[in-house]
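The structure presented is a predicted model; accordingly, all values stated were derived computationally and were not measured.
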Amino acid sequence: MSEHTSSIADLRKSYERAELNEDASQADPLKQFDQWLNEAIAAQVPEPNAMTLATVAGNLRPSTRVVLIKGFDARGIVWFTNYDSRKGHELAGNPYAALQFHWVELERVVRIEGVVEKVSAEESDVYFHSRPLDSRIGAWASPQSEVISSRRVLVANAALYGAKFLLQPPRPPHWGGYRLKPDNWQFWQGRKSRLHDRLRYTQQADASWLRERLAP
């Protein structure tokens, strides 16, 4: 074990940037998320739109990866990916998933749980055609999550599809959006002495939200 590895347990940080309480938080978790996301963007934290997506396979093994949020509204949180990827196969077998944002510089975490469905083909088309050309070609070139012999496979595929489609590649049938409809949110704000603020919002039968404070 290296000296640096052995010192991991000794790492400490005092969280003192902000607070989160019932009086200063939104009653609607979507509004609270909108506020925090905008504050993360304004603070110019690295990739404020990056979120960890957790899915569970049929063998009950969880897996995570980082994806980028591309939209959100009352219907849910949207991202786009390859439907034939590992996450796509896992969501097809189990549509429940979790998302997490970690804005380190602001000492904030947002956790979101809910059920996932594909967005409409029209919505996927609109976003796909807004992407840069190389990203659109890349959606065709990469057999995401499959074993490939080398990077040359990707380069060759990109050249092949670039020549085939030129400037107008259509959206691949295996590529599109997902939307997670939240039924549970958690907002975590780091505080001094490990007495962190943690608010949970749980959706009720009448679609309202129950806001509760959890011990950190």
- Item | Spatial distance of atom CZ (Arg191) from atom CD (Glu19) [nearest 0.5 Å] | 5.0 Å
- Query: Who pairs with Glu39 by salt bridge (Lys or Arg N to Asp or Glu O under 4.0 Å), at least two apart in sequence or on another chain?
  - Reply: Arg108
- Could you please spell out the steps behind the side chain to side chain contact (heavy atoms under 4.5 Å, CB included) verdict for Leu68 and Glu47? CA-CA 9 Å; Leu68 301 179; Glu47 294 195 279; 4.2 Å; yes
- Is the side chain of Ser193 donor-acceptor paired with the backbone N or O of Leu195 at a distance under 3.5 Å, no angle test? no
- Message: Restricting to non-hydrogen atoms, name the atom on Val78 and the atom on Met51 that form the minimum distance, rounded to 0.1 Å.
- Response: O-CE, 4.4 Å
- Taking all non-hydrogen atoms of both residues, which atom of Ser85 and which atom of Thr81 are closest, and how far apart? OG-OG1, 4.2 Å
- Message: Would you say that Glu22 contacts Arg213 through its side chain, given a criterion of any heavy-atom pair below 4.5 Å between the two side chains?
- Response: yes
- Item | Qualifying ring pair (Phe, Tyr, Trp, His ring centres under 6.0 Å) pairs, either residue in residues 31-50, two or more places apart | Phe33-Phe72, Phe33-Phe101, Phe33-Trp185, Trp36-Phe187
- Can you tell if the side chain of Asp197 reaches within under 4.5 Å of the side chain of Asn21, non-hydrogen atoms only? no
- Task: Decide yes or no for Arg136 and Pro172: does some side-chain heavy atom of the first lie under 4.5 Å from some side-chain heavy atom of the second?
- Result: no
- Got a sec, which residues hit salt bridge (Lys or Arg N to Asp or Glu O under 4.0 Å) with Asp134, two or more places apart in sequence or on another chain? none
- Item | Flag side-chain contact, heavy atom, 4.5 Å: Asn184 against Pro182 | no
Hey, can you pull the donor-acceptor pairs under 3.5 Å for the side chains in residues 159-170, sequence neighbours left out?
none

- By side-chain hydrogen bond (donor to acceptor under 3.5 Å, both in side chains) - contacts of Asp183 (at least two apart): none
- Note on the structure: Heavy-atom closest pair (Ala74 atom, Lys181 atom, distance to 0.1 Å) is O-NZ, 4.1 Å
- Query: Of all heavy-atom pairs between Ala158 and Ile137, which one has the smallest distance, and what is that distance?
  - Reply: O-CG2, 3.6 Å
- Report yes or no: does Asn38 contribute a side-chain atom to a donor-acceptor pair with the main-chain N or O of Asp34 at less than 3.5 Å? yes
Would you mind writing out the side-chain donor-acceptor pairs for residues 109-117 within the sub-3.5 Å range, not counting sequence neighbours?
none

- Note on the structure: salt bridge (charged side-chain N to carboxylate O under 4.0 Å, His left out) pairs touching residues 82-93, sequence neighbours excluded, are Arg65-Glu90, Arg86-Glu90
- Is any side-chain heavy atom of Tyr178 less than 4.5 Å from a side-chain heavy atom of Leu91? yes
- Query: How about Val45 and Trp103: do any of their side-chain heavy atoms sit closer than 4.5 Å?
  - Reply: yes
- By ring-ring contact (aromatic ring centres under 6.0 Å, His included), Phe80 pairs with (sequence neighbours left out) Tyr127, Trp175
- Query: Under a 4.5 Å cut-off applied to non-hydrogen side-chain atoms, are Leu53 and Val66 in contact?
  - Reply: no
- Who are the side-chain hydrogen bond (donor to acceptor under 3.5 Å, both in side chains) partners of Asp125, not counting sequence neighbours? Arg171
- Which heavy atom in Leu106 sits nearest to a heavy atom in Ala43, and how many Å separate them? CD2-CB, 4.1 Å
- Message: The criterion is side-chain hydrogen bond (donor to acceptor under 3.5 Å, both in side chains); which residues satisfy it with Arg198, sequence neighbours excluded?
- Response: Gln186
- Atom CG of Leu20 and atom CD of Gln189: how far apart are they, to the nearest 0.5 Å? 6.5 Å
- Tell me, do Leu99 and Trp79 make a side-chain contact under 4.5 Å, heavy atoms counted? yes
- For Asp28 and Gln26, test the side chains for any donor-to-acceptor distance below 3.5 angstrom and give the result as yes or no. no
- Message: Count I, L, V, M, F, W, Y as connected when their side-chain heavy atoms are under 4.5 Å apart, and connections chain through other members. Are Ile69 and Val119 then in the same cluster?
- Response: no
- Query: Looking only at heavy atoms, what is the nearest atom pair of Tyr83 and Ser124, with distance?
  - Reply: OH-OG, 3.9 Å
- Item | Side-chain cluster (under 4.5 Å, hydrophobic types only) that Val153 belongs to, other residues | Ile148, Leu154
- Under the side-chain hydrogen bond (donor to acceptor under 3.5 Å, both in side chains) test, residues paired with Ser25 that sit two or more places apart: Arg211
